[in-house]
Amino acid sequence: MISITEWQKIGVGTTGFGIFFILFGVLLYFDSVLLAFGNLLFLTGLPLIIGLRKTFSFFFQRHKLKGTSFFLGGVVIVLLRWPLLGMFLETYGFFSLFKGFFPVAFGFLGNAFNIPFLSSNNDSWLPQLFRRLQGTSSMV
């Protein structure tokens, strides 16, 4: 059984509000104040959830420095009120940081469509798309 501390609960709420403000800022045509507030909440909540040491070790691994620099650089650019450029940099950094996770996620989604309730026809285009996006690299 996994015990969740109060700090982790606060971190989940803070990160959730951060994602909400980022999405709301994008929907309101890249409102710089909402995006900046969302970024700050997201970056505050992440260490509360997984811990400061694990957050540092994730972001500052040698092979992830490029993604980290683009992501954190995008946050700084958003804080300097260049929201469109900052969000593009953040998006590129996000995909660069989590590129090892995407094949696992697509593999899970592809396998989820083998359940008869979710997909009555396994020859449909969506399960085939997930199998193609899964690729050959797997973290398992």
Side-chain angles (χ1 to χ4, degrees):
M1 185 171 150
I2 299 173
S3 64
I4 298 174
T5 65
E6 294 299 318
W7 287 108
Q8 288 174 325
K9 291 177 185 177
I10 293 169
V12 168
T14 307
T15 304
F17 277 118
I19 292 171
F20 169 76
F21 279 113
I22 289 171
L23 292 175
F24 199 54
V26 169
L27 286 174
L28 291 176
Y29 301 113
F30 294 97
D31 183 50
S32 61
V33 174
L34 290 174
L35 291 173
F37 191 60
N39 282 328
L40 291 176
L41 286 174
F42 179 78
L43 290 176
T44 302
L46 202 59
L48 291 175
I49 295 173
I50 63 174
L52 193 59
R53 181 174 291 155
K54 288 183 182 178
T55 303
F56 247 60
S57 67
F58 173 77
F59 278 107
F60 295 105
Q61 293 175 8
R62 190 170 216 30
H63 65 280
K64 292 184 179 181
L65 284 177
K66 178 180 164 186
T68 300
S69 61
F70 273 98
F71 183 76
L72 295 178
V75 170
V76 169
I77 297 296
V78 167
L79 290 173
L80 293 174
R81 296 195 179 251
W82 288 74
L84 191 61
L85 177 63
M87 288 308 293
F88 281 133
L89 292 174
E90 279 185 50
T91 303
Y92 177 75
F94 178 81
F95 283 118
S96 180
L97 281 171
F98 292 102
K99 66 183 171 190
F101 176 71
F102 290 128
V104 175
F106 287 133
F108 172 76
L109 290 173
N111 289 333
F113 285 101
N114 289 333
I115 300 171
F117 178 73
L118 293 177
S119 176
S120 61
N121 182 9
N122 281 339
D123 293 330
S124 66
W125 63 273
L126 198 55
Q128 291 176 1
L129 175 68
F130 285 136
R131 280 194 292 272
R132 179 171 283 146
L133 289 174
Q134 179 184 7
T136 57
S137 65
S138 177
M139 295 185 74
V140 178

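From a predicted model like this one, the values you see are computed outputs, not experimental measurements. Index from 1, following the sequence.
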Euclidean distance, [Y] [atom2] relative to [X] [atom1], rounded to 0.5 Å:
X: His63; Y: Lys99; atom1: NE2; atom2: NZ; answer: 8.0 Å
X: Leu52; Y: Leu46; atom1: CG; atom2: CG; answer: 10.5 Å
X: Phe21; Y: Asp31; atom1: CZ; atom2: CG; answer: 11.0 Å
X: Thr68; Y: Leu97; atom1: OG1; atom2: CG; answer: 4.5 Å
X: Leu89; Y: Leu84; atom1: CG; atom2: CG; answer: 10.0 Å

* Residue from Val78, Val76, Ile77, Leu35 passing side chain to side chain contact (heavy atoms under 4.5 Å, CB included) with Glu90 -> Val78
* Asked: Does Phe30 CZ have over 12 foreign heavy atoms under 6.0 Å away?
  -> yes
* Give a yes or no on whether Tyr29 atom OH has more than 12 heavy-atom contacts from other residues, nucleotides or ligands under 6.0 Å away. => no
* Could you check whether the rings of Phe20 and Phe24 sit parallel, tilted or perpendicular, using 30° and 60° as the cut-offs? => parallel
* To do: Report yes or no: does Ser69 contribute a side-chain atom to a donor-acceptor pair with the main-chain N or O of Lys66 at less than 3.5 Å?
  => yes
* Asked: Is there a donor-acceptor contact under 3.5 Å from the side chain of Ser96 to the main chain of Tyr92?
  -> no
* Asked: Does any non-hydrogen side-chain atom of Leu79 lie less than 4.5 Å from one of Asn39?
  -> no
* Check whether any side-chain heavy atom of Ile49 lies under 4.5 Å from a side-chain heavy atom of Val12, and answer yes or no. => yes
Identify the heavy atoms of [X] and [Y] that sit nearest to each other, and give their distance.
X: Thr55; Y: Gly51; result: OG1-O, 2.7 Å
X: Thr14; Y: Leu41; result: CG2-O, 3.2 Å
X: Ile4; Y: Gln8; result: CA-OE1, 3.4 Å
X: Pro83; Y: Ser32; result: CG-CB, 4.0 Å

Look at the side-chain heavy atoms of Ile, Leu, Val, Met, Phe, Trp and Tyr, link any pair under 4.5 Å apart, and say whether [X] and [Y] land in one connected group.
X: Phe37; Y: Leu80; value: no
X: Phe70; Y: Phe60; value: no
X: Leu65; Y: Leu72; value: yes
X: Ile19; Y: Phe17; value: no
X: Val75; Y: Leu85; value: no

* Can you list every salt bridge (charged side-chain N to carboxylate O under 4.0 Å, His left out) pair that touches residues 8-20, not counting sequence neighbours? -> Glu6-Lys9
* To do: Name all pairs fulfilling the salt bridge (charged side-chain N to carboxylate O under 4.0 Å, His left out) condition that reach into residues 14-25, sequence neighbours left out, sorted by first residue then second.
  => none
* ring pair (Phe, Tyr, Trp, His ring centres under 6.0 Å) against Phe59, all qualifying residues, sequence neighbours excluded -> none
* Does Phe94 have its ring centroid less than 6.0 Å away from the ring centroid of Phe71? -> no
* Aromatic contact, Phe58 with Phe98 (centres under 6.0 Å) -> yes
